[in-house]
Structures are given as C-alpha cells and as structure tokens.
J.: 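Have a look at this one.
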Amino acid sequence: MNFVLSISTTVNLKENESAKSKSTTVDTKELNKFSNLCQNWWNPNGEMGPLHTMNPLRIQFIKDGLKNVGFVENSPNYPFKGLMLLDVGCGGGILSEPLARIGANVTGLDASKELVAIANEHKKLDESISSNLSYVNKSVEEFSEETTEKYDVVVASEILEHVIDQSLFLKSCVKLLKPKGSIFITTINKNLISYLAGIIGAEYILQVLPIGTHDWNKFISPEDTRRLLNECNCNTRLIHGLLYNPMTYQWSWTPLKSINYALHAVKNECL
Amino acid sequence: MNYLHISINVIVMAAIYTKYSLPNNTLSFITKAYKNTIFFGPNHIVRNIFNQKTNNEAFDIIVVGGGMVGTTLACALANNKCLQSKKILLLEAGNKQKYVSNDQYSNRVVALNKYSKLLLSNIGAWKHIQSHRFTPIVKMQIWDAYSDAMLTFNDDYLSQALAYIVENDLLLHAVHTQLSKKKSVTIINNAKVEHINLSNNIGIDSNILLKSGENFKAKLLIGADGQMSKVRDAMGVKYVDWDYDQMGIVATVKLCETIENVAWQRFLPNGTIALLPLTNSLCSLVWCITTEEAKRLLQISEEEFIDNLNDAFLKVYPKDELVKCGMQAFKKLFENFQLPSAVSRQLQPSIAGIVDGSRAAFPLGFGHALHYVQPGVALVGDAAHRVNPLAGQGVNLGFGDVTVLVEVLAKAVNNGALIGDTTYLHNYESIRLKYNIPTMLTIDALHRLYKTTASPIILARSLGLQLTNIVKPLKNFLIKHAAGTENI
Ligand SMILES: Cc1cc2nc3c(=O)[nH]c(=O)nc-3n(C[C@H](O)[C@H](O)[C@H](O)COP(=O)(O)OP(=O)(O)OC[C@H]3O[C@@H](n4cnc5c(N)ncnc54)[C@H](O)[C@@H]3O)c2cc1C
C-alpha cells in the first residue's frame, strides 16, 4: 500500500537519464511506472487516495515523536512554529502542505520536475503557507551537496522503498539534519506478508494500486533501516506498525510491523 | 400489509440486538426496496454567472441555512479553540426573528436528549434557556390502541431526565444570543440561494450566488438548509425518500388534571399521538395522522377537535380474536420463563381545551442522503436526514451531527489539513451514518408497524410492546437510544 513520491513523466525521463552520470538514488524505472498519476495527485479519490488518508497518522507520529525528544509546542494553532523541516520525496505536496500549515518552515524536495510543478501550483491555493513552504526539484544527494545540518526534522515518507541506493539515500538525509534532529520514515517491510499484502493483495486482488507499483526487492525490513541509520550516526527511538484497511480507506496503528511501518530516529550529537 | 415492512422490522430488531454495524447492507436494501427513490442529477456548472459579479468575499466556512441546526453549528464552530480564527458566514433565507418573551407557549417544541443539552451548554446557550423555561421529562408512557400492552420508561432505569422540552423559538433565540458575541461569524438574513458551484477538489473554493446578486466563496460549504436542501442538490448525491402521506398536527393543549413531567404516546390504527409536558397543566401535542384526516381536523371547530383528541387517547378499539389468542400464548410462554407479563400504568390525561391559534399541521416524510460529504462540502440536520417526529429524534440527530462535525474539523485544523479535506470529512460521515441510519430505520419501522390494522401486525406489535416491557436489557437499550445515551 505504499507509494512512490518520486514520479516523473516520460518526457522528464530523458532529462533524468542524461543527468545521471554521478551516483544517484533515483530510479528511472520507478519514475516511469507512475508517469500517468500526476494529474490525479490532489484528487482524494484518485490513485493517491491512501496517501491523503495517511496524513492524520503520520502527522500525529511526527508530533508525538518530537514531544518525546523534548520539543515544546508553543502556539496552539501553529504547534510546529520555529521548526526547519525537510520533506524528502514530497511529490505533489500532500504532506508538505499540512506541515507548513501548522507552522513549520518546510522545504519539499523531489526529483520529479512535474511533481514539483504540481506542488507549486497547488500551494498557490492557500495564501497562508506562501511564505513558509518552498519546493526544490533535486534528488536528496544533490541537495545535500550544497546544504548540511540545516534541518531540525527530516521526513521521508513512502519513498525509501522506491530508491536505488537506500544507504546513500539515508546518508544524504542525515547529512541535512542538525545534530539532535529527528528523522521520520514510513515505508514497507520486506517479508512474505508484505509481499502478499502489498503486491498480490493491493495490486492484483484489490486493485487499490496499479500493477507494478512496488518492486519487492526494494522493500526494506525495520531491522535493516535501523542498521542503515545506525551507520549514519542515528539512534532509532520508535518503530510502529501501520495497517491500511482497503474497505474503509483508513489507516490505523498496529503492533505488527509486518507490512507498513513508521520509524523515528534521532541524530547523535557527535560521532 | 406486505412483507417488506416486516423484513425492515426484522433488520431493525436484529440491529438492536447486535448493536449494529449494518449501514452498508441496509442502505442498499432500502434503496432497492423502495421504488419511489429520487435521484438528483449532477450539478450544472454555470461559471458565467459567477464571473459577472465583482464582489466575491472569501470565507473559510459558509453555513447555508439558519434553522436550529445551522445556527447552532455556526456558534459551535466559532466557539471551538482550534476553529475560532476561521471566518464564518451564516446564510438564512428567512427574516431576522425577534424573540418576544410571551406567557403563552409556542406550538413548536422539541424534545432534546442529554447530548443536545450538553452541546447547548457547551456553547453557552443552555443558560439562556434555563433562565427562561424548559420542561424535563422523567417518565414516558407508551401504549397501544388494541391491547393492554404498555411500555413505561421512567427513572427506575435512568437517573436523569429522559428529555427536555424546549420551544423552537426560545432555542434559536438562546443560540443567537451567544452567536452575537462571536466576531468571526457574519449572518445574512433574507439570503435566497440562486446557484451553488461546488469545487469538488480539496483546496479549491466553492462559490455561492444569492438572488440579490451577492456572491461568496468558501473552503467549506455546509448544507444546513433543511429537507429541501439546495446544497444537497448541488452535490448531486442520491437521496432516498418516501412520503408517509401523513401530517403532524401540533397544538398547545390544556389538561383537565395536573400531571408532572410525564410524556404520553399512543399508537393508533391511523397514526400516533403524543403529549409532551410544558407545565403541570399544559402539554404540547404532536399528532401524526393521514393527510386527509389531518385536513379535516384542522377545519373542524375547537370543541369538535378536542372531542376527537380525547377519543384518540381514550377510545378502546375492538380487540381482534387472533390478537387475543396470540397474547394468551405469549403470556404462557413468559409464565414458563417466569418473567413478569403485566405492568402497572398511569391513567392517561384528558384534554380540556386548546390554546387559541396553536393548531397547525406539517407534512411528514422520510428522507436520507446516501452521502453527507464531498470535498469541501458537508450536510447536517434535516438536509441529510429527515425522520418522522414519532420518536422526537429529528433535531437531536442534527445536533449529533454538529457535535461530531465540529470535532472532526478541529482535528483537521490541528493536523494542518485544509478545512474541506475529505480525509476528515469522511470520518464525520462514517461516524454519523453508523448512528443515524439505525435510528432512522427504527423510527420508520415503528411507524410502519403501527399504522396498520391487519391482524398479524397487531399481534406482532402487541407482542413487541409486551416483549420490550419484559426484557429489561432490550428496553434499557431502547431508552438509551431514545435518550441518546448510546452514542452521539
Ligand atoms: C410536527 C413536527 C414535530 C417535530 N417534533 C420534534 C421533536 O419533538 N423533537 C425533535 O428533535 N425534532 C422534531 N421535529 C423535527 C425537527 O423540527 C427538525 O429535525 C429540525 O427542525 C431540523 O432542523 P434543521 O436546522 O436541520 O432544518 P430546518 O429547521 O428545516 O431549517 C432549515 C433552515 O434553512 C433555511 N433555508 C432553507 N433553504 C435555504 C436556502 N436555500 N438558503 C438559505 N437558507 C435556507 C430555512 O429558512 C430554515 O431556517 C419535528 C418536526 C415536525 C414537522
């Protein structure tokens, strides 16, 4: 039930390929898979529906995680005021917008030019976020070349399962994070259940996702994510299971991490 | 009498026993079962009308309809901490009503359950009602035209009042008194809707054009515009409705003797009749009867009307043989189970007169929108669901909608969502459908069960009444549901 947030049209594909001389986490095949979904990004009943309905849980997860590491919400209407936040793989801005609306200074990052264009278009509809939300059309490794230790919070939601080099991806994310900063990840587990539920179930039987949405080889277990984060100097604080109910279109928390999970880790102060 | 009615009752009874989670099946069932389903066509998009107009003031929320539900909603939204910064517009088609305190009671009253009262307390309106007048009901007696079957609901089962009788105009006045203190709310009276253009996309505003030429836009449009809702039409949602070919006669009646805080309801061959206490000697009458009969009752002299009224409460209808046998068999069955099979009852009051000019009638029907929400739009109150006043639930269902919608919207804002985000609005819909549909079907089934004289049905309902009187848990459940303690 996961979605890639890095989407591009076939037109953009050529551009991406020619630019791809350095090591990258962007998978052009993945971009190709989703080439048709752009138009429907902000349609809550469209293919991106589950991403919309996931918002209440992932925002609550970030709020709770930050509280656990001592962040104090100062303003009731803008609890995230003062936070520098990076949304890696922001897509059309489904998660970036609400994070900005509750006060965070949000940078949305995405490798797809089309999606960043959609995100920028949609942002115009709400003046209240015009000054504290901006989008950048870059991959995270490109972005981290010029910027370091800038963000209090990095969010990588529903993207890890779609990148080529997960270790490089996480390293780049962590590089952008301030010491003691928090990284929040949601992704899909790698085991038989996630294969059955995530691919056979979601794509073939229930058809809530287009066939070919996921490549099981890129799914990653909570243990592996934790290990990779450890390698880049981050301590995992919490891992929670997430469950999607295709009948009610709703997500809920579950103790089982066998399909989807959310993870919170904190960057250590020094190596 | 056909099997359909029986099967509805079976569903409802099954639902009562299983404490329901049935909306999906039931809905498709009633859609298929009733032929007079109305399907509203999709919204016509007339962009040009909007382009001609220059003023296009923007609001966060527009509430269309300033009846009891819409006005209370506007006030509850403005009252919520998370929503207090939202700019709200309340549009009402009628004139601004000036409330004049009068010794005479209004003929339009509602019976509020404790959740409706809580909502009014939370927005600060109840204290205005309290300082003026209301009547708590502590006991409810329900009986039948043919048999001795009688249900008594009283404080043996509930420590609090079952309901609170409040006049509609006093209720509206109390809410308006609070609303006038809310700077975030603008009210426009005499607002006749000419056209509604819904965005159907999260983040894009909906437009509303008034006959006056004024034009407004909002992130969230709420239809609280009653049973003929224009907002519902614009949504193009399926609306299931049927006419009961009945009218509700209301009047304020004087009693011969004094009663204290007891409500009465009797099921008759052609309808139901209820008395809701206002004072020790005054009651509010709600008499649901065939349209033909209602028209006659409106025309006859006051004396004749009172005679008819007393007849309706006192006349003993001939008992059918079959019913008698059935009742006896039933009694035997219960003796075998050693359950009590009769209950003491208080004698019903007789009516001495009616208050001048208080006699009026309203058509009755059932209607339900299959969806309450779309991106950037939601329905509340009678716009979403209309029930027979039989169980006095109409406005309580609407107030339940208000409570849940405000909570859901506050949560949306708290999570940084746009106020019209369907992720949250769907939550409102599913919470309310789970409560509203079983309640509405129960009321409809009761209505159908009680309006026929066919023997098997008399038997069924006599047994039904006896049964619920005896089986305590079921009866408690029924009271809870009527009093709204089961859920909001
Ligand atoms: C005889 C009778 C007895 C009843 N007894 C009870 C009872 O005891 N207990 C109970 O709970 N319920 C009772 N009800 C039901 C109850 O009255 C309704 O459920 C309740 O009034 C619904 O409130 P509402 O605000 O949703 O709709 P309404 O009261 O219908 O209000 C809709 C408002 O919207 C306005 N409007 C309509 N169209 C537009 C438009 N296009 N633009 C702007 N404004 C518009 C109207 O002017 C009106 O003010 C009874 C009903 C009847 C008929």
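For the numbers below, each heavy atom of this structure counts, side chains included, while hydrogens, waters and symmetry mates do not. Labels below follow one simple rule: chain letters A, B, ... track the order of the sequence lines, proteins then strands, and each chain is numbered from 1.
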J.: Between chain A and chain B, which N or O donor and acceptor atoms come closer than 3.5 Å?
T.:
{"residue": "A:His52", "atom": "O", "partner": "B:Thr423", "partner atom": "OG1", "Å": "3.4"}
{"residue": "A:Lys63", "atom": "NZ", "partner": "B:Asn414", "partner atom": "O", "Å": "2.7"}
{"residue": "A:Lys63", "atom": "NZ", "partner": "B:Asn414", "partner atom": "OD1", "Å": "2.9"}
{"residue": "A:Lys63", "atom": "NZ", "partner": "B:Asn415", "partner atom": "OD1", "Å": "3.4"}
{"residue": "A:Arg101", "atom": "NH1", "partner": "B:Gly416", "partner atom": "O", "Å": "2.7"}
{"residue": "A:His122", "atom": "NE2", "partner": "B:Ile202", "partner atom": "O", "Å": "3.2"}

J.: At what distance, to the nearest 0.5 angstrom, does CG of B:Leu77 lie from CD1 of B:Ile88?
T.: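 Taking CG in B:Leu77 and CD1 in B:Ile88, the distance rounds to 4.5 Å.
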J.: Does A:Lys180 offer a backbone N or O that forms a donor-acceptor pair with the side chain of A:Lys267 under 3.5 Å?
T.: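 Side chain of A:Lys267 to backbone of A:Lys180, a donor-acceptor pair under 3.5 Å: no, none is there.
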J.: Which pairs with one or both residues in residues 89-116 of chain A pass ring pair (Phe, Tyr, Trp, His ring centres under 6.0 Å), sequence neighbours excluded?
T.: none
J.: Going by the rule ring pair (Phe, Tyr, Trp, His ring centres under 6.0 Å), which residues pair with A:Phe61 if we only count those two or more places apart in sequence or in a different chain?
T.: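 Partners of A:Phe61 by the ring pair (Phe, Tyr, Trp, His ring centres under 6.0 Å) criterion, ordered by chain and then number, come out as A:Phe184, A:Trp253.
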J.: Using ring pair (Phe, Tyr, Trp, His ring centres under 6.0 Å) as the criterion, list what pairs up with A:Phe143, not counting sequence neighbours.
T.: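 With sequence neighbours excluded, A:Phe143 shows a ring pair (Phe, Tyr, Trp, His ring centres under 6.0 Å) to no residue whatsoever.
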J.: Is there a donor-acceptor contact under 3.5 Å from the side chain of A:Asp110 to the main chain of A:Asn137?
T.: no
J.: Report which part of A:Ile59 has an atom under 4.5 Å of a heavy atom belonging to chain B: side chain, backbone, both, or neither.
T.: side chain
